[in-house]
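Input: a single structure, listed below in structure tokens.
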Amino acid sequence: MTAPDDAIRARRRLTNKLIAAHEAARLKPFFAADARLIAGDGGLILGADQIIEAFAGQFRDPDFVDYVRTPETVELDAAGDRAAETGRWVAHWKSGEMSGAYMAAWRKQTGQWVIESELFVTLAG
């Protein structure tokens, strides 16, 4: 059985690969239906459907390359049903990049880790 922190790190690697491949629809299972995301500019996106549409919109930009999120820590609650992931992120466009820090809250839902909320803070770019 995979340790929860290893499972979360593996799921993060998969989301990075799907973003690099510009496959928005395939990202949906990684988000809880009621997920919330605060983007690097402070904008709020509510619900998995809206998060996926935001990704799809960025993927339509011919200058967009990818987002890479690199976990630094994954901390579990005592019950093993929730986790906090913190790390660094970088966004690449053909014309440059932006980067910063992030925090993601994960919860175990029907045996799988899903993102319930994410906060991205732009610090450079």
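Here the closest non-hydrogen pair linking E23 and F59 is N-CE1, 3.6 Å. Nearest heavy-atom pair across A105 and R82 is CB-NH2, 4.2 Å. When all heavy atoms of P71 and R12 are compared, the closest pair comes out as CG-CG, 3.9 Å. When all heavy atoms of P29 and A25 are compared, the pair lying nearest together is CD-O, 4.1 Å. The shortest non-hydrogen separation linking A24 to I52 is O-CG2, 3.5 Å. The minimum heavy-atom distance linking A32 with A48 is given by the pair O-CB, 3.5 Å.
F120 and I38 end up in different hydrophobic clusters when Ile, Leu, Val, Met, Phe, Trp and Tyr side chains are linked at under 4.5 Å. Both L18 and W93 sit in one connected hydrophobic cluster of ILVMFWY residues. Membership requires side-chain heavy atoms under 4.5 Å apart, directly or through other members. M103 and I8 fall into different hydrophobic clusters, where Ile, Leu, Val, Met, Phe, Trp and Tyr residues are linked whenever their side-chain heavy atoms come under 4.5 Å apart, directly or through other members. Cluster membership check: V121 does not share its hydrophobic cluster with Y67, using side-chain heavy-atom separations under 4.5 Å among Ile, Leu, Val, Met, Phe, Trp and Tyr.
Judged by distance alone, the side chain of K108 and the main-chain N or O of A83 form no donor-acceptor pair under 3.5 Å. Side-chain atoms of N16 come within 3.5 Å of backbone N or O of R69 as a donor-acceptor pair.
With a 4.5 Å cut-off between side-chain heavy atoms of Ile, Leu, Val, Met, Phe, Trp and Tyr, the cluster of V114 takes in none. Residue V68 is found in a hydrophobic cluster whose other members, listed by chain and number, are V90; membership requires side-chain heavy atoms under 4.5 Å apart, directly or through intermediates.
Note: E118 CD to W89 CH2 = 12.0 Å, rounded to the nearest 0.5 Å. Summarising the geometry, atom CZ belonging to F64 is positioned 11.5 Å from atom OG belonging to S95; distances are rounded to the nearest 0.5 Å. If you take CZ on F31 and OG1 on T15, they are separated by 7.0 Å, rounding to the nearest 0.5 Å. The NZ atom of K17 sits 11.0 Å away from the CZ atom of R26 when rounded to the nearest 0.5 Å. Note that the CG atom of L14 and the CD1 atom of I19 stand 11.0 Å from one another [nearest 0.5 Å]. In this structure, L46 CG and L37 CG are separated by 9.5 Å, a value rounded to the nearest 0.5 Å.
With sequence neighbours excluded, no residue forms a side chain to side chain donor-acceptor pair (under 3.5 Å) with T110. Remark: D66 engages H92 in a side chain to side chain donor-acceptor pair (under 3.5 Å) (not counting sequence neighbours). Qualifying side chain to side chain donor-acceptor pair (under 3.5 Å) partners for W113, counting only residues two or more places apart in sequence or in other chains: none. For R13, there are no side chain to side chain donor-acceptor pair (under 3.5 Å) partners, not counting sequence neighbours.
A 6.0 Å sphere centred on CD of E72 holds more than 12 heavy atoms belonging to other residues, nucleotides or ligands. The 12-atom threshold is exceeded at CZ of R11, counting heavy atoms of other residues, nucleotides or ligands nearer than 6.0 Å.
Electrostatic pairing of R107 and E85 does not count as a salt bridge here, judged by no charged N lying under 4.0 Å from a carboxylate O.
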Stepwise side chain to side chain contact (heavy atoms under 4.5 Å, CB included) test for L44 and Q50: CA-CA 10 Å; L44 177 63; Q50 293 301 312; over 6 Å; no
Derivation of the side chain to side chain contact (heavy atoms under 4.5 Å, CB included) call for D49 and K28: CA-CA 7 Å; D49 290 339; K28 191 167 182 177; 2.4 Å; yes
